[in-house]
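Notes for the one structure printed next.
In what follows, every chain begins at residue 1, and chains take the letters A, B, ... in the order their sequences are listed.
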Amino acid sequence: MKKRIGAVVAVIVVVGLGFAGWLVLGRDPMSFAGNATVALEDYRDATVTGAPAQLAGAELVKRGEYLTHAADCQACHTVPGGTPFAGGFAINMPFGTLYSTNITPDKETGIGTYTDAQFLAAVHQGIRADGDYLYPAMPYTSYTYMTDADALAIKAYLFTLAPVHAPAKPNQLSWPFSQRRLLAAWTAMFNPDERFRPNIGQSPQWNRGAYLAEAMGHCGECHTPRNLAYALDNRSKFAGALTAGWRAYNITGDKESGIGDWNDEDIYLYLSTGHASGHGGAAGPMGEATDDSLSYLVPDDVHALVSYLRSIPAHASDLPRTVTTPAPPSHKEGMPVADADARGEKIFAGACASCHDWTGVSPVTGFATLTGVRAVNDPSAANVAQTVVHGVNRTTAGGRIFMPAFGAGYSDDDIAAVANYVTARFGAKGAHLTAKDVADLRAQAAQPHKEAPDG
Amino acid sequence: MADTRSSFAQSDAYLSALIREVRAAPAARALPAIGRRTLFKLAGAGAAGLVLGFRLGDAAFAAEVGNDNTAASQSLAMNAFIRIAPDNTITIYSKAPEIGQGIKTSFGVIIAEELDADWNHVVMEQADINPKVYGYQGAGGSTSIPRAWDQLRQAGAGAKAMLIAAAAELWGVDPSQITAKDSVLTHAASGRSAPYGSLAVAAANMPVPDPKSLILKTRGQYRLIGKRYRGVDDPKVVSGQPLFGIDVQLPGMVYASYTKCPAAGGKVRSFNVDEIKAQRGVLDAFALNGTGLSVEVMPGVAIIAKDTWSAFQAKDKLKVDWDLSEASTESSSQFSAEAKKIAADFPKKPDQDVGDMDKSFANAVKTAEAYYDYPFAAHVPLEPMNATAHWHDGVLEMWVPTQQPDRGLPLIAKVAGIPQENIVMHQTRVGGGFGRRLINDYTCEAAAIAQKVNAPVKLQWTREDDFSHDFYRPAGYHQFKGAIDKDGRIDAWQEHFITFTADGKKEASGANLTDNLKYSIKAPNLRRAKTMFRLKIPTGPWRAPGDNAQVFAAQSFMHELSLASGRDHVAFLLDAVNREVPELAPKDKSINFSPKRASDVIKLCAEKAGWGKTLPKGSGLGLAWCYSHAGHVAQAVELSVDANKRIKVERIVVVLDVGPVIDMAGSEAQAQGASTDALSTAIGLKITIENGRIQEQNYNAYPILRMPFAPMTIEPYFIQSDNPPTGMGEPAFPALAPALGNAIFAATGERVRRLPLRDLGYSLAI
Amino acid sequence: MLSLTINGQSHQIDLPEDMPLLWVLRDHLNLVGTKYGCGIAQCGVCTVHVGGKPVRSCQLTIGGVGTRAVVTIEAIGQTPNGAKVQQAWMEAAVPQCGYCQAGQIMSATALLNFNPHPDDSDIDAAMAGNLCRCGTYIRIRQAIKNAAAKTA
Ligand code: FES
Ligand code: FES
């Protein structure tokens, strides 16, 4: 019992400290742009919330569908291969596993009985219909910036879905994190609970981008590092973080470790298709974000996001500068012997070289080119290992992006070896993953197995 | 490109006509004049030279996989055809499927040997399918050679006798004075000689000799048998000429995919037919109910398209509402857990109970107990399942890459609802069998689909289909208990085998305990029992069925017992060779076990492996043996294991006694290939079933050994004898895994009791 | 309409750009020597040369071929190294079922074109992507060395 009290005290202290530091600098995700903000109703320059102009005349449900994509509800509320929005997706945290819930309008197991007010409370404040708090894996600290109208449009859309009977899976959290009551304190401290305020010092396009990035797309939930209390630390906004075992990269303007040297077109393409030539493609959670969300946005909205991203203060992270020159065509040349993982080389030769080539420039498709890819230049090799484990299977406007998943057929040891080899050969600096590191990464990203396809 | 089409489309018109003629001949029973064991020649042979058909009543090799000799094939078995053209070209028709075991070459060599043909003038062709004409036309259980040995030799010798008779008449000399060599007949006394081609027409008019009168060569007289050959199809293989089932192209051909329920046993309720029909390149889409038998046609959705890619693309879009009420919900992990739980409870009713087990254990000097298990495995030969069928004029014409075309014939007839006579089957080269193509499900599917399509149609499975709808090597679980007597010999052997049943009565296909034990483990007290789990997922024969995994368990436990006995493993094994095997009925030639041959392979293997030599720390030598598919085989593995459990295989020794070797190059290839396959399977391969669905869908999840990790030193040795030759496709598989496990124990002291080794943290070093 | 150069011949192809080269070769041009084995670049049976490089035709769309010349197993024997490799394959009796061998030969020929005297590690690097279910690796390695030995 003593131990438990000790733990509670520790949690409170940590949370308290985190809060103190965070209040000063880290709380508002848009404060970097200055304080010239006004209430939305006082903003006259343009419409920056809601569905885009193209859908202005559309029905509520249509607009809601667009906004549901923009807010990317589906990625978390769907098991891979399962019925969309029926929940059950596992979110692995350092302190346990949370399962997303059913947000189809099923009256028993979904949100079928939610009133508008209850829905808004959930989206803005993280309070569910029974009054209990939601874990902040539900990004309500971002969604809190969403307008009531947009949130209710999403609700209207969700309520047109076929109700699915899918009871929530019990979360598996260690104590004290299993105590929902503590969330009240967390939420009070870390959820600003305020709606989007346009910045009159910035362009309407920027404001639209800010609304999409913060209130809807919740980019920071993955890309912004968290403090000790697990709240976003906006002092290093968008500077990159490890989320669910995948590295969300630095998307600030830093030239070396961010996207400062990408041109607008590259960023636009990456966001809208999940791939930009010379920079590689999105996989894992970012792949889902592009497939389920960003690829649905109209071009104007993607441009708005680009404009917003361009304004984020550069923040250097410790990633080395990306190598953009291909490796030599002979497997014997090109990397310091010290970095050469002989086992990794043999595995690469068998499973990888036929698409990625010994140069890293694919003779098959630009999607498979490794040269210049951020993940390959990340010496933590987190995303390389994850991609090897999970593969990629995405259909984009530019074609199908496919890589087989090797997680079932290859051991952690083999995957570590090949990730080390790939980062050393094609990236800035070789990783030194061990089998245990790969096991940890797998555990963080673990999802229920996708069922075998229809045939 | 035109000949790509015609080579398959037209087949050999002459041979087809011939077959039709033979097929029209009355059945043997109605034709006592021809009788059994009579060679006879076919009319109309003149123009093309000598054409011989051989009618042999007795199946040369009675026991066959599945044991379903039809009355027809028993009573009227025609085998190989030889054709000698005036230009000296000798065409030999190989009746059995070439699946990579090299049979098309070996069959030719056997006939050419007795024919004294010049091998350089021999052209091998694949015969079409007609069991009435050819008898057994399968390739399974390593039985092709032993079944055909007598027939083929008589075929060659008979043809030679007719050529000699023709020459004797022409030259007016006694036939006994004529000698044959390299396709030339010579009468030494008169200095006359003539090539076969010049005598072919005359020979065709000679009376057919009685096979009993033919004197076959003895081993010392062989000129062709035992030499090294390149595969007869190799020139076509290396230049990409059409050979395989998948290569069949016919004018106007369309392409089909077939999608079955991912959980075995599911049925189609409905599917998005309109959406599928609207897909690019799609011509038609329809559901089939099938016969509901996994070896025939299971329910599914066929998509017909202009090319394979369009069929596959549309398949991706397919959304089927499956009725899962009778579908499998099985999981391999559940079976494993359940087996582990019950293994130690020896069933009340043993299948076999010799001696007094309890007394033996009570008096034993040493006892040992262990639990072994191994997973499901898939065949996944590199050519995915496919078949081409054309339904026209009430005739179903088919091109099939299968191991058992003759066995497929009645099934296809049943599925199509037509008499067998209305099916014309051409056999193609087969891109790997391993037992998968003993089952003709995909050929039946092609037939069923073809009947609904007004064009020749090629059914092509995706690799994912192949993984999902295999007939898997069943998993197995063994609880062993053994006792050692005061002399250090096995006194008792108890085995609880946990396996699977499909019907609740007998073991599922490939899931029965094989006879290996009977020969390799002589224990005065012996008790065996089994427990069977019901299984809906289909299982089947997989290279060296049963033995491929059971020998791992038994021979590993034998090593454990030898260690318990404190005696040398080889001496212990030799001691346990069963020298009291009852004399077998001579008819059952598939069983030719000889304790001496067994002992000899063990001894030679130990010798070649350097048994008893001192190895550095971390290195080990392991040995195991088996009697499998009529072959006596011992295998040894020398390896080292590092701190990361990486295994470096230094050397593999394989010693085989399969009688005389027909084609040395082909036999070595089989010995090395089977050892490589066995190592690959032992290290990394397993099939996982979850909720009735196969989780591994392609080679990315099923890591077949690749070159950098493959063992490069595999030394095959053959003990040749006058025993009839037996097959090489399987025997070199089973003993490898236990030899590997025993070597790992020798190197590390850690016992391997589970496959694949990957699950125990082992991997192959580079 | 796409224009592809295959085995020295120009073909006008009226097929969707996203169709993999493999199926265009097999189903539309009757060049069935190039095989289908996995469709995910893991087995190598579909290997052809594109712009001189060994490429998995199951992954390469015809739209992605561009102006690069395609050579398949049917024509590789017309190149010096291709002929040498085919000869070495027959002399060493490499094939078992033979299904993987067209792809193996294409990879081996590309290797010799790039590196006339490969050592074991070069052979691994070039050949590891070609599976052989029958286990012919020992003879493949030998045949490559034999072919290389004949290279001036
Ligand atoms: S079919 Fe292309 S690599 Fe297997
Ligand atoms: S020879 Fe059969 S797969 Fe290689």
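A distance of 10.0 Å separates SG in C134(C) from CD in Q101(B), rounded to the nearest 0.5 Å. Here CZ of R26(C) is found 5.5 Å from NZ of K458(B). Values are rounded to the nearest 0.5 Å. The CD atom of E74(C) sits 8.0 Å away from the OG atom of S239(B) when rounded to the nearest 0.5 Å. Annotation: the span from C58(C) atom SG to R463(B) atom CZ amounts to 11.5 Å, rounded to 0.5 Å. Atom CG of residue N698(B) and atom SG of residue C43(C) lie 8.0 Å apart, to the nearest 0.5 angstrom.
Within the 3.5 Å criterion, the main-chain N or O of V238(B) finds a donor-acceptor partner in the side chain of Q86(C).
Only the backbone of Y229(B) comes within less than 4.5 Å of a heavy atom of chain C; no side-chain atom from C-beta onward does. In this structure, chain C has a heavy atom under 4.5 Å from the backbone of P711(B), while its side chain stays farther away. When heavy atoms are compared at a cutoff of 4.5 Å, F467(B) does not approach chain C at all. Contacts of R141(C) with chain B are made by both backbone and side-chain atoms, with heavy-atom separations under 4.5 Å. Contacts of S675(B) with chain C are absent, with no heavy-atom separation under 4.5 Å from either backbone or side chain. Interface remark: D120(C) contributes no atoms to any contact with chain B (heavy atom separation under 4.5 Å).
Chain C forms the most heavy-atom pairs under 4.5 Å with one residue out of N700(B), D307(B), D233(B), I704(B), and that residue is D307(B). Between chain C and the residues G231(B), A669(B), A665(B), the largest count of heavy-atom pairs under 4.5 Å involves A669(B). The choice from I714(B), I246(B), L705(B), I99(B) that makes the most heavy-atom pairs within less than 4.5 Å of chain C is I246(B). Contact count versus chain B (heavy atoms, under 4.5 Å) is highest, among G129(C), G33(C), G37(C), for G37(C). Chosen from I40(C), L22(C), V45(C), the residue pairing most often with chain B at heavy-atom distances under 4.5 Å is I40(C). For chain C, the option among G102(B), A710(B), P384(B) with the highest count of heavy-atom pairs below 4.5 Å is P384(B). Taking chain C as the reference chain and counting heavy-atom pairs below 4.5 Å, the highest number among T676(B), D234(B), V237(B) is found for D234(B). Per-residue counts of heavy-atom pairs under 4.5 Å with chain B were compared for H28(C), Q104(C), E91(C), M127(C); the largest is that of H28(C). Between chain C and the options Q460(B), K306(B), H379(B), R228(B), heavy-atom pairs under 4.5 Å are most frequent for H379(B).
When all heavy atoms are compared, the tightest approach of E464(B) to C38(C) is OE2-O, 4.3 Å.
Proximity to chain B among residues 95-102 of chain C is limited to P95(C), Q96(C), C97(C), G98(C), Y99(C), C100(C), Q101(C), judged by heavy-atom separations below 4.5 angstrom.
At a cut-off of 3.5 Å, with distance as the only test, a side-chain donor of R706(B) or Q42(C) sits close to an acceptor on the other residue.
Residues R280(B) and L15(C) form no side-chain contact, since every pair of their non-hydrogen atoms from C-beta on lies 4.5 Å or further apart. Side-chain contact between W309(B) and D27(C) is absent, with no heavy atoms from C-beta onward closer than 4.5 Å.
Screening T136(C), L131(C), I138(C), I123(C) against M707(B) for a side-chain contact (heavy atoms from CB on, under 4.5 Å) leaves a single residue, I123(C).
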Q: Give the C-alpha distance, both sets of side-chain angles, the deciding distance and a yes or no for side-chain contact (heavy atoms from CB on, under 4.5 Å) between W23(C) and T308(B).
A: CA-CA 7 Å; W23(C) 298 110; T308(B) 316; 3.4 Å; yes

Q) Given Y36(C) and F244(B), is the ring pair (Phe, Tyr, Trp, His ring centres under 6.0 Å) satisfied, shown in steps? A) CA-CA 11 Å; Y36(C) 162 64; F244(B) 299 93; over 10 Å; no

Q: Test salt bridge (Lys or Arg N to Asp or Glu O under 4.0 Å) on D677(B) and R133(C) and set out the steps.
A: CA-CA 7 Å; D677(B) 189 10; R133(C) 178 71 181 79; 2.9 Å; yes

Q.
salt bridge (Lys or Arg N to Asp or Glu O under 4.0 Å) for D247(B) and K35(C)? Distances and angles first, verdict last.
A. CA-CA 8 Å; D247(B) 300 342; K35(C) 303 295 192 236; 3.0 Å; yes

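Summarising the local packing, NZ of K236(B) is surrounded by 12 or fewer heavy atoms from other residues, nucleotides or ligands at distances under 6.0 Å.
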